[in-house]
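Convention: sequence-line order gives letters A, B, ...; per-chain numbering from 1.
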Amino acid sequence: MRYGAGGYGMMKDRFIEELIRLIDDLEGKEVSVCGWVHSVRDLGRIKFLVIRDRTGTLQAVFKRGCCSEEEFRGVGRLKLESVVCVLGELVRGKTKEGVELKARGLRVLTEPVEPLPLEPATSLEAGLATRLNYRWLDTRNPRVTKIFLVEAAVAKAFREYYTSRGFVEIFTSKIVAAGTESGAEVFPVIYFGREAYLAQSPQFYKQMGVIGGFERVFEIGPVFRAEPHHTTRHLTEYHSLDIEMGFIDGPEDVMREVEGFFRHVRKTLMGDPTLRVILEEFGVEDIRIPREIPRVSIRDAYRILEERYGKKLPYGEDLDPEAERLMGRYASEVYDSDFIFITEYPWAARPFYTMRLEGDPQWTTGFDLLYRGLEVVTGSQREHRYEVLLDNIKDKGLDPEAFKFYLDFFKHGAPPHGGAGMGLERIVMQTLRLKNIREARLLPRDPERLLP
RNA sequence: GCCGCGGUAGUAUAGCCUGGCCUAGUAUGCGGGCCUGUCAAGCCCGUGACCCGGGUUCAAAUCCCGGCCGCGGCGCCA
C-alpha cells in the first residue's frame with residue numbers, strides 16, 4: 001500500500017467502543033477496525049486477533065479461506081503492538097464484548113522493529129521507572145489511558161465551571177524576571193543573555209488580570225519548581241489550575257468558588273457513565289462532599305490533632321504530611337467528607353502577598369483544601385493595599401525593589417481580591433487513589449528524570 | 001538537600017544474610033513447531049541477565065568503598 005496518497009474517506013471512521021455499542025445497526029455490515037495488535041491466538045486453522053484502540057478491544061476471527069493465504073498465515077506471525085486494520089463483517093459472538101469481527105482482510109500498517117521493552121497489556125506489572133521510560137507503550141494499557149481521560153475531564157470541568165461563574169480564561173507568560181516568593185526555588189533560563197526564570201506560579205499575573213479589569217480570571221498552565229524533592233506527591237513541573245477574583249469580602253468568597261468547582265468535578269465524573277465506570281475500576285465508589293465542606297481554622301486543627309490523635313504540632317507551624325493525613329481522617333470520620341478546608345494559616349507559613357487577619361496579624365486569610373488528606377488547593381485573600389503590601393514585603397525580610405514591578409500593579413486602583421491555585425495532577429491522583437503523582441502525569445519531571 | 005532500602009535476561013522475580021554446590025532458577029515476552037472457538041489459551045524446542053568503577057579473597061551476583069540510577073520517608077510545597 002502507499003502512504004500519503006490520500007483516499008476516499010478515512011482509514012478508520014469509528015472507535016471500537018462505537019462498533020460494539022451500535023451492534024444492532026451494524027450487525028452483518030462490513031467495517032474496518034484499526035488499532036494495535038493486543039494479542040494473537042493462533043490455533044492453526046483458526047486464528048484470533050484482538051485489536052485494541054483507545055476505547056476498547058475487539059476480537060477478529062480468521063478462518064482458512066477468509067482471505068488470501070498470505071494474509072491468513074500472516075495473522076499467526078503478527079507481532080504484538082503492530083498497527084493493523086482488519087476488514088470484516090461485524091457479528092455477534094461469544095466474546096466478552098458480545099461482538100466480534102468475521103475477518104475478510106488484514107492490512108498491516110507497521111510492525112515493531114525490535115522486541116517490545118514493555119508489554120502494554122501487562123505494563124502495570126513493571127516498575128514505574130520502566131513504564132515511564134517507555135511511556136508510549138505504557139499509555140496503551142487501558143487502565144493507564146483512563147487516568148488521562150479523567151485528567152482531561154477535570155480540566156474540562158475547571159474551564160466549564162469557572163466560565164459559568166463569570167471568570168475569563170487568561171494565558172500568562174511562563175518566562176519571568178522574578179520568582180513569586182523568594183526567588184529560591186526557580187529554574188533559571190538564559191534569556192538573550194539576561195537571567196530569567198521559569199514561572200513557579202502565575203500568582204502575580206493572575207492578580208494583574210483582576211487589577212487589570214478582568215475582575216475574575218482563571219488559567220490552566222504549567223508551573224515549575226526547582227525543589228529537589230523525592231516524594232510520591234511532588235513534581236518539578238506540574239499543571240496548576242488557578243483562579244483569582246476581585247471584589248470579595250473575605251477568603252470565604254474564594255473558598256465557596258473552590259468548593260463549587262469540586263462539586264462540579266464530582267458531578268462531571270460521577271454523572272458520566274464512562275467516567276463513573278473508570279472511577280469504579282480504580283476502586284472509587286464516590287467522591288464524598290457533604291452539604292458544606294467543613295472549615296477548620298488551623299488553631300482548631302492543632303487542638304483536634306492533639307486531643308483526638310495525640311499528634312502535637314508546634315503552635316504556629318504549618319501542618320506536616322502526617323497532620324494533613326490525620327485531618328483528612330478527621331473529615332472522613334466526623335463529616336463523612338473527602339474534603340476539609342484548613343483556614344487562617346500563620347503568617348510565618350504563608351507568602352507575603354497573603355492578607356493578614358484584621359487585628360490578628362500573626363494569622364492570615366490563607367487556607368488550604370485537603371482532599372483525602374493531601375493538600376490540593378492553596379488560596380487566600382490577597383493584600384491589595386499598596387502601603388500594607390509594602391510593609392508585608394519588608395516584614396518578610398524581602399527587598400521591595402525586587403518586587404517593584406509587582407507593587408506597581410497596586411498603585412492605580414486594585415480591588416480587594418483573592419484566589420487559589422490547585423494542582424491538577426494531585427486532584428487526579430487523589431481522585432483515583434494513585435500511589436504516585438507521576439502516574440497522573442504523562443511526562444513527569446523530577447530531579448532525575450528529564451526524558452522522554 | 002537529608003535519612004533508609006534497593007539495582008540479576010526485553011519485563012517481573014529467585015539466589016545475596018551464611019562467598020565455592022550458579023554451567024545463575026522461574027514466569028512472561030521474543031524465535032521456531034503443533035493445534036478449527038481461543039479469550040490469563042495450551043503443549044514441545046530454542047533464545048536471553050548479575051548497573052558502572054575500585055577493593056578484600058585462592059575464589060565475588062553474594063562482602064567492603066565510591067559513582068550513577070531506582071523506590072520510600074522527611075524538609076518544602078500543589
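At a cut-off of 3.5 angstrom, counting only N and O atoms as typed in the model, there is a donor on one side and an acceptor on the other between the side-chain of A:Arg426 and the base of B:C77.
Look at CZ on A:Phe72: it is 11 Å from P on B:C35, rounded to the nearest Å. Atoms CD (A:Glu317) and P (B:G75) sit 10 Å apart, rounded to a whole Å. Rounded to whole Å, atom P of B:C77 lies 14 Å from atom CD of A:Gln203. Atom pair A:His38:NE2 and B:C39:C1' shows a separation of 10 Å (rounding to whole Å applied). Rounding to whole angstrom units, CZ of residue A:Arg64 and P of B:C34 are separated by 11 Å. For the pair A:Leu374 CG and B:C76 C1', the interatomic distance rounds to 13 Å; values are reported in whole Å. Distance CZ (A:Arg45) to P (B:C34): 12 Å, rounded to an integer number of Å. Following rounding to the nearest Å, A:Glu114 (CD) and B:G48 (P) show an atom-to-atom distance of 18 Å.
Contact annotation: A:Thr130 reaches the phosphate of B:A12 (side-chain N/O to OP1 or OP2, under 4.0 Å).
Under a cutoff of 6.0 Å and an axis angle of 45°, A:Arg143 and A:Phe282 form a cation-pi pair.
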Might you list the N or O atoms of the protein lying below 3.5 Å from N or O atoms in nucleotides 41-45 of chain B, with each pair's distance?
from, atom 1, to, atom 2, distance (Å)
B:A41, OP2, A:Arg41, NH1, 3.0
B:A41, N6, A:Asp42, O, 3.1

What's touching nucleotides 27-31 of chain B from the protein side, N or O pairs under 3.5 Å?
from, atom 1, to, atom 2, distance (Å)
B:U28, O2', A:Glu119, OE1, 3.4
B:G29, O4', A:Glu119, OE2, 3.3

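Applying the side-chain hydrogen bond (donor to acceptor under 3.5 Å, both in side chains) test to residues at least two apart or on different chains, the pairs with a partner in residues 70-79 of chain A are A:Ser68-A:Glu71. Residue pairs meeting the ring pair (Phe, Tyr, Trp, His ring centres under 6.0 Å) criterion with at least one member in residues 92-132 of chain A: none, sequence neighbours excluded. Among residues at least two apart or in separate chains, salt bridge (charged side-chain N to carboxylate O under 4.0 Å, His left out) pairs with a member in residues 421-432 of chain A are A:Glu425-A:Arg441.
The only member of A:Lys156, A:His264, A:Glu257 that meets side-chain hydrogen bond (donor to acceptor under 3.5 Å, both in side chains) when paired with A:Tyr161 is A:Glu257.
A:Arg21 pairs by the side-chain contact (heavy atoms from CB on, under 4.5 Å) definition with A:Glu17, A:Glu18, not counting sequence neighbours. Among residues two or more places apart in sequence or in another chain, the side chain to side chain donor-acceptor pair (under 3.5 Å) test is passed with A:Asn141 by none. By the side-chain contact (heavy atoms from CB on, under 4.5 Å) test, A:Thr431 is found to be paired with A:Leu269, A:Leu279, A:Ile287, A:Tyr371, A:Ile427, residues two or more places apart in sequence or in another chain being considered. When the side-chain contact (heavy atoms from CB on, under 4.5 Å) test is applied to A:Asn392, the partners found at least two apart in sequence or on another chain are A:Trp347, A:Arg356, A:Glu383, A:Val388. Under the side-chain contact (heavy atoms from CB on, under 4.5 Å) criterion, A:Ser32 pairs with A:Cys34, A:Cys85, A:Leu87, sequence neighbours left out.
A:Ser240 comes within contact range of no nucleotide atom at all, as no heavy-atom separation falls under 4.0 Å. A:Val377 comes within 4.0 angstrom of the backbone, heavy atoms only, and of no base. Among the protein residues, A:Pro228 comes within range of the nucleic acid bases, having at least one heavy atom under 4.0 Å from a base atom. The residue A:Gly93 sits apart from the nucleic acid: no heavy atom pair falls under 4.0 Å.
When Watson-Crick and G-U wobble pairs are counted only if both distances are under 3.5 Å, B:A78 pairs with no nucleotide at all. Both distances falling under 3.5 Å, in either a Watson-Crick or a G-U wobble arrangement, place B:C71 opposite B:G4. The base-pairing partner of B:U38, taking Watson-Crick or G-U wobble contacts with both distances under 3.5 Å, does not exist among the strands shown. If you check B:G19 for Watson-Crick or wobble pairing at under 3.5 angstrom, you find it has no partner at all. Pair assignment for B:U28: B:G10, on the basis of Watson-Crick or G-U wobble contacts that are both within less than 3.5 Å.
Only the C1' atoms considered, B:C64 is 31 Å distant from B:G75, to the nearest whole Å. Spacing between B:A27 and B:G15 at atom C1', rounded to whole Å, works out to 16 Å. The P atoms of B:G55 and B:A61 are separated by 15 Å, rounded to the nearest whole Å. On the P atoms, B:G53 is 46 Å away from B:C39, given to the nearest whole Å. Here, B:U57 and B:G20 have their C1' atoms 12 Å apart, quoted to the whole Å. If you take atom P in B:U18 and the same atom in B:U8, they sit 22 Å apart, rounded to whole Å. The same atom, C1', is picked in B:C21 and in B:C16; the two are 15 Å apart, to the nearest Å.
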Please table the atom pairs, donor to acceptor, closer than 3.5 Å between any side-chain atom in residues 323-331 of chain A and protein atoms at least two apart or in another chain.
from, atom 1, to, atom 2, distance (Å)
A:Glu324, OE1, A:Glu375, N, 3.4
A:Arg329, NE, A:Glu333, OE2, 3.0

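The backbone N or O of A:Gly221 lies less than 3.5 Å from no partner atom in the side chain of A:Ser240, so there is not a single donor-acceptor pair. Listed for the A:Arg140 side chain is a donor-acceptor partner under 3.5 Å among the backbone atoms of A:Trp136.
Taken from CG in A:Leu374 to CE in A:Met429, the straight-line distance is 6.0 Å, to the nearest 0.5 Å.
Aromatic stacking of A:Tyr238 on B:A78: satisfied, with centres closer than 5.5 Å and planes within an angle under 30 degrees.
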Contact letters for nucleotides 67-73 of chain B, in which S counts primed atoms plus P, OP1 and OP2 and B counts the base, heavy atoms under 4.0 Å: ---S-SB

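Projected onto RNA chain B by closest heavy-atom contact, A:Glu100 and A:Asp320 fall at different nucleotides, the more 5' of which corresponds to A:Glu100.
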